[in-house]
Amino acid sequence: MLLIDHYAYVNRLSRVHPAEKIILALATLLQCLLSSSPVTPLLAALLMAGLVIAPAKIPPAYYARLMLVPAAFLLPGALAVAVCTVEDIQSLLWGVQLGGRAAGVTAGSLAAAAAVLLKSLGAVSCLYFLVLTTPVADVCAVLGRLGLPALLLEIMTMMYRFIFVLLATARRIYTAQASRLGYSRVKSSFYSLGRLATGLFTKSLYHSEMLYLSLSARCYAGKIAAPPVSRPLSARNMALIAAVQLALLAAALWPGGAGR
Amino acid sequence: MTGEPILRAEELVFSYPDGTRALNGISLSVPRGKKTAFLGPNGAGKTTLFLHFNGLLRPQSGCVYWSGRRVRYDRSSLMTLRQNVGVVFQDPDTQLFSANVRQEISFGPCNLGWPAAKVQEQVDRAMAAVDILHLQDKPTHFLSLGQKKRVAIAAVLAMQPRVLVCDEPTAWLDAAHAAAMMDLLDRQTRDGVTVIFSTHDVDLAYSRADYVFVMKDGKLAGEGHPADIFLNDGLLARADLAQPQLVEIYRDLVEKGWLPPGRPPRTKQELLERIPPRGGRRCSK
């Protein structure tokens, strides 16, 4: 999770206008979800993997590891879709008899499972592209431009920032405990973990008080104004994005109009 | 001390809810346009006093004066006071909350309701002043402690304060970074900003401060020019302060007849220049 955030700042696409990346990711995501052709999500996944690895220069091995995370819940999910129960075992490609019914996979259920798997993979790829190439501050700035309420944006920004403070604090407490043998035995591990949780809670309270003080010191009046992004959109990138979207659409409709 | 003091405290008393009496009737006047150090053991009340300087804490009795006017605690008075008196906290992690450096520094100026162009201009100026322009798009959790401290100072400088109050600006910094931090504060003083800082480093306070306050148990134990404060053995003992190394070495050299008595040197360089070469003219007592 922290490494994702790290790459968001150091990747080669981080200086590209955030709105362009958001438009590309969301438009492709939409196509994935709306298209009934399995080609669209497949192409989307390949496109995003290509963008993340080639222009953004994220290490392929890291990207592959990231893709394994959704696989952990996609595969069981697809399995559940693939397996169905029928009355007659003859209609199954493969199956077992369970009393009066049979459970197994049919050609239809396999296709449905593959579609779900591909669709999710495509959608996840789009979101990965966005989070790997776009710093949170940029995303918030664009959302602000789009008229998302300032309150929500402030909460987003603060949560983002304090996730890191919280993790750093937890790590410090953990190190302090471990260096005094807090995790040497099972019993002491449970005890230490409990103390870590309470310690984090009280430290968070203290932190929030101090933060309020320091905000007040800078004339906080209940509103955190974000400075506007003043970069212009690149016409070339926008044209590329439009071309990619049209190509995806064409690919989905090509084999005799699979329909949308 | 020339002119009217920029900040004045009169008989300030403040106790925390747990009963700790942090300020115990302290009165003092901070000279305008200088670099003033606050020294004193932990728990002497330095931070509590600083939080009174821009109205973050309200004294239970006594009052604070800003530029000769008594501080009032209504919203608009506090806004004016907090723009003019900027407080930088000791731990930058309690102060930095934004997703990136530029946003963090824009926070104060935006609160002042300045037009966008002025905000940008002041943010750039503040970043240039503490030399962090190259960090402006970085998230704050990427920064080293020294960088975070600079960002915290820039976040206050961008509001164009006339007083910069820094709580232990050199705490947790290595010697080189601490010296750079003091140079940064020196530049602010040259630009006409009154700088107030607390420290436990007597050598630093001795060679870098224009004026020194010594606090102990929520009261003022002494004040004056650094050379006077650090020659006052009684005061140093009362406040648990060590003598600066330069002063100690200088006094020893005087006592042993290597140097003539006089005002102790402020810097190491000054001391080295005063020590005569071997075989040269030796001063008689």
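So you know, we letter chains A, B, ... as the sequences are listed, proteins then strands, and number each from 1.
The distance from the CG atom of B/D137 to the OH atom of A/Y9 is 9.0 Å, given to the nearest 0.5 Å. Here the CG-CG distance, from A/L215 to B/N111, works out to 8.5 Å after rounding to the nearest 0.5 Å. Distance check, rounded to the nearest 0.5 Å: CZ of B/F97 to CE of A/M158 gives 5.0 Å.
The neighbour count for B/H200 NE2, taken as heavy atoms of other residues, nucleotides or ligands under 6.0 Å away, is above 12. The local environment of CZ in B/R187 is crowded, with over 12 non-hydrogen atoms from other residues, nucleotides or ligands closer than 6.0 Å. By the neighbour-count criterion of 12 heavy atoms within 6.0 Å, atom OH of B/Y73 is densely surrounded, having more than that number from other residues, nucleotides or ligands. B/Y16 OH: more than 12 foreign heavy atoms inside a 6.0 Å radius. With a 6.0 Å radius and a threshold of 12 heavy atoms from other residues, nucleotides or ligands, A/R185 has its CZ atom at or below the threshold. Around the NZ atom of B/K148, the shell of radius 6.0 Å holds more than 12 heavy atoms that belong to other residues, nucleotides or ligands.
Using a 30° and 60° split on the angle between ring planes, A/F164 and B/H141 fall in the parallel class, below 30°.
Contacts between B/L81 and chain A at a heavy-atom distance below 4.5 Å are absent for every atom of the residue. Heavy-atom distances place the side chain of A/F162, and not its backbone, under 4.5 Å from chain B. Looking at B/D93, the atoms closer than 4.5 Å to chain A (heavy atoms on both sides) sit in the backbone and in the side chain alike. Heavy atoms of B/A155 lying under 4.5 Å from chain A belong to its backbone as well as its side chain. Only the side chain of B/F89 comes within less than 4.5 Å of a heavy atom of chain A; its backbone N, CA, C and O stay farther away. In this structure, the portions of B/M79 lying under 4.5 Å from any heavy atom of chain A include both its backbone and its side chain. Contact annotation for B/L51: only side-chain heavy atoms (C-beta onward) come within less than 4.5 Å of a heavy atom of chain A. No part of B/P109 comes within reach of chain A, as not one of its non-hydrogen atoms sits under 4.5 angstrom from that chain. Proximity to chain A (any heavy atom under 4.5 Å) is shown, for B/E104, by both the backbone and the side chain.
In this structure, the side chains of B/Q103 and A/T157 come closer than 4.5 Å at one or more pairs of heavy atoms.
Closest approach of B/R82 and A/S216 over heavy atoms only: CD-O, 3.1 Å. A pairwise comparison of heavy atoms in B/Q95 and A/L211 identifies O-CD1, 4.1 Å as the closest pair.
Ranked by heavy-atom pairs shorter than 4.5 Å toward chain B, the options A/S14, A/A137, A/A217 are led by A/A217. The greatest number of non-hydrogen atom pairs below 4.5 Å with chain A, out of B/N54, B/L96, B/V87, B/L78, is found for B/L96. For the set B/S98, B/P139, B/G55, the entry with the most heavy-atom pairs within less than 4.5 Å of chain A is B/P139.
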